[in-house]
Every structure is written in C-alpha cells, then in structure tokens.
Number of protein chains: 2
Amino acid sequence: MVTKQFSGLPEDADLRRADSLAREIFSDVANKWALLIIEALGERTLRFGEIRDEVEGISHKMLTQNLRMLERNGLVERNVHPTVPPKVEYTLTGPGRGLRETVDLMCDWTQRHLRHIETSRDRFRP
Amino acid sequence: MVTKQFSGLPEDADLRRADSLAREIFSDVANKWALLIIEALGERTLRFGEIRDEVEGISHKMLTQNLRMLERNGLVERNVHPTVPPKVEYTLTGPGRGLRETVDLMCDWTQRHLRHIETSRDRFRP
DNA sequence: CGGAATCCGTTACGATACTG
DNA sequence: CAGTATCGTAACGGATTCCG
C-alpha cells in the first residue's frame with residue numbers, strides 16, 4: 001500500500017492523496033486499544049461501561065478517545081438513548097465488522113504462536 | 001482472547017499467564033511501525049537500509065527498535081555478514097509470515113474502505 | 001552501513017474531579 | 001452512566017552524534 005514510489009507527474013496527485021489517506025487510516029486502526037475495542041464489540045451491541053469491562057486495563061479516557069476515532073472513521077455506530085441516567089450503545093458498522101474479521105485472525109495467530117514466541121523470548125540475548 | 005474472566009482458583013494460574021502473554025504479544029505487534037515493517041519484508045530478504053527506504057517516514061531509531069522487538073519474538077531472522085561495511089539482512093520467519101498474511105488482509109481492508117472512511121470523516125461533527 | 005547512546009520535544013496515558 | 005477537562009508523569013519518537 002504505502003510502499004509505492006511516485007514520480008513528480010501531476011497525474012500522481014490523487015494516487016498520493018489515496019496513499020496518504022491509507023496511511024492515516026492504518027495509523028488510526030493499527031493500535032492496540034482500537035483493535036481490542038473492535039474485538040470486544042464483535043457482533044454485539046454494547047454500552048460504554050460494558051466495553052470498558054470487556055477490554056481489561058483500558059481507562060475511561062482511552063475508551064472515549066478511541067470510540068470517537070472509530071466513530072469518525074465510520075467503523076462504529078453510536079446510539080444515545082436520551083434517558084436518565086444516559087445510556088449509550090456502540091455497534092460495529094459493516095466496514096467495522098469487516099475489519100474485525102482481520103483482527104480475529106490476528107488474535108488467532110497470537111494464540112497459535114504463544115509457545116513459539118515465549119521460547120524465542122527466552123532464547124533472545126540482546 | 002483477552003476478554004476472559006478468571007476465578008481465584010489456582011487452576012487458573014496458567015490460563016492467566018497465557019492470557020497476559022497474549023496481551024503482551026498483541027501489544028508488541030499491534031502497532032503501526034511493526035506491521036508496516038512486516039508488510040515491507042513480505043517474502044523478501046532485505047537489508048536494514050532497504051527496509052528503511054520501503055517504510056516511508058520511519059526513523060533509524062524506530063526501525064532498529066522494532067526490528068529488535070520482532071527478532072526477540074521470533075518473527076524476523078537477523079543475519080549479519082561480517083564484512084566492511086557491515087551488511088545485515090532481515091527475513092520473516094515462519095510465524096512472521098503467518099502474521100504477515102493477516103496484515104495483508106488489513107491492508108486490503110484499508111484499500112477497500114478508503115472512500116467510505118473519507119466521506120464518514122467529512123460527515124463527522126464532534 | 002548498521003547500531004547504540006544521547007538529548008529533547010511531543011504525545012500517550014492514568015488519575016481525578018466536575019457536568020448533564 | 002457517559003462525557004469533558006485538567007494535570008502530571010511516562011513513554012514515544014525524531015534528530016544527532018559516535019563507534020565497529
């Protein structure tokens with residue numbers, strides 16, 4: 001994606017734009033908290049507090065921050081119920097579920113290689 | 001993966017260990033630079049400088065740092081040729097190539113949703 | 001050329017407190 | 001309950017320099 005080389009020609013202008021957009025999105029999405037939130041949501045609709053309970057170790061602040069980012073990119077849908085106390089629900093959108101599939105695979109990969117990585121770490125001498 | 005709830009029973013001890021190990025690995029791997037390096041390597045063997053040229057925007061420091069981390073986790077193999085000037089080559093290991101497949105999918109996903117995300121961003125009012 | 005170490009500004013992040 | 005704001009600290013990350 002990001003590894004293309006461009007000439008100075010004006011025709012490349014939109015290619016450059018697409019490429020830097022791709023990089024932006026990738027940077028947004030390729031981070032620990034975002035991926036764990038997406039994984040936690042899965043096919044379900046969860047409230048703010050429920051996500052916080054699922055994603056262990058995440059702080060209130062990081063959760064809101066990442067949820068806003070995911071919403072901005074159209075990967076999660078935010079539904080506010082005007083009740084008191086407030087109830088806010090989050091759901092993955094179509095594209096969000098698509099991304100989730102790749103995160104699933106990454107989690108599977110992690111599980112499959114726990115042992116290999118553990119022993120590799122033990123062997124590793126800087 | 002990370003979303004399990006444990007009781008206080010001693011039998012859960014190794015489950016906890018595996019879980020926290022999984023989290024560690026996930027945190028290592030789910031970051032922008034690591035994934036871009038893995039993507040850049042692909043099936044090829046590349047020298048340090050070649051990777052730096054492929055992964056645009058990465059600094060000398062971030063590259064060495066992430067390569068060390070990937071090596072420690074057994075995802076890349078590092079080969080030093082004792083010449084002068086030195087020549088150091090990096091290749092994905094088996095597990096590394098496995099992870100790369102999931103990164104490929106994530107890159108594909110990014111490309112497929114460029115437009116959707118772009119318009120979602122335009123619409124988004126905080 | 002690749003790597004380590006240094007300096008230093010920027011961001012990430014947690015803790016806390018306050019609002020509707 | 002969810003969100004915003006503020007503050008302090010720790011980690012990130014870039015630029016630079018020196019070494020094999």
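In what follows, chains are A, B, ... by sequence order, proteins preceding strands, each numbered from 1. These figures come from a predicted structure and were not determined experimentally.
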To the nearest Å, how far apart are [X] [atom1] and [N] [atom2]?
| X | N | atom1 | atom2 | value |
| --- | --- | --- | --- | --- |
| B:Glu56 | D:dG14 | CD | P | 13 Å |
| B:Asp28 | D:dA11 | CG | P | 14 Å |
| B:Leu63 | D:dA15 | CG | C1' | 16 Å |
| B:Ile37 | D:dG13 | CD1 | C1' | 13 Å |
| A:Lys61 | D:dA10 | NZ | C1' | 13 Å |
| B:Met62 | C:dG3 | CE | C1' | 14 Å |
| A:Ile51 | D:dC1 | CD1 | P | 15 Å |
| A:Asn31 | D:dC12 | CG | P | 13 Å |

task: Answer yes or no: is there a side-chain heavy-atom contact under 4.5 Å between B:Leu99 and B:Leu75?
output: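 In short, these two side chains touch, coming nearer than 4.5 Å.
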
field: Side chain to side chain, B:Asp28 and A:Ile117, heavy atoms closer than 4.5 Å
entry: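 A side-chain contact is absent here, since even the closest heavy-atom pair is not under 4.5 Å.
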
Distance check: side-chain N/O of [X] vs OP1/OP2 of [N], anything under 4.0 Å?
| X | N | result |
| --- | --- | --- |
| A:Arg47 | D:dA2 | yes |
| B:Tyr90 | C:dG3 | yes |
| A:Arg78 | D:dG3 | yes |

When you get a sec, tell me which of [options] is the closest nucleotide to the side chain of [X]?
| X | options | answer |
| --- | --- | --- |
| B:Pro85 | C:dC1, D:dG13, C:dG20 | C:dC1 |
| B:Pro86 | C:dC13, D:dC1, C:dC1 | C:dC1 |
| B:Val88 | C:dG2, D:dC7, D:dA2 | C:dG2 |
| B:Arg68 | C:dG3, C:dG14, D:dG3 | C:dG3 |
| B:Phe48 | C:dG3, C:dC1, D:dG14 | C:dG3 |

- request: Check if the side chain of A:His60 and the base of D:dG3 share a donor-acceptor pair of N or O atoms closer than 3.5 Å.
  value: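 Pair found.
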
query: Is the closest basic N to carboxylate O distance between B:Asp19 and B:Arg23 below 4.0 Å?
result: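 No, B:Asp19 and B:Arg23 are not salt-bridged.
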
- request: Would you classify A:Arg52 as touching base, sugar-phosphate or nothing, given that sugar-phosphate means primed atoms plus P, OP1 and OP2, and contacts are heavy atoms under 4.0 Å?
  value: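 Counting heavy atoms under 4.0 Å across all strands, no contact is made by A:Arg52.
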
- prompt: Across the strands shown, which category fits A:Lys87 at heavy-atom distances under 4.0 angstrom: base, sugar-phosphate, nothing?
  reply: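 Touches nothing.
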
- prompt: Hey, which of A:Arg121, A:His113, A:Gln111 is the one that makes side chain to side chain contact (heavy atoms under 4.5 Å, CB included) with B:Ile25?
  reply: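 Testing B:Ile25 for a side chain to side chain contact (heavy atoms under 4.5 Å, CB included) against A:Arg121, A:His113, A:Gln111 leaves exactly one candidate, A:Arg121.
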
- request: Supply the atom-to-atom distance B:Ile38 CD1 to B:Thr102 OG1, rounded to the nearest 0.5 angstrom.
  value: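 OG1 of B:Thr102 is found 8.0 Å from CD1 of B:Ile38.
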
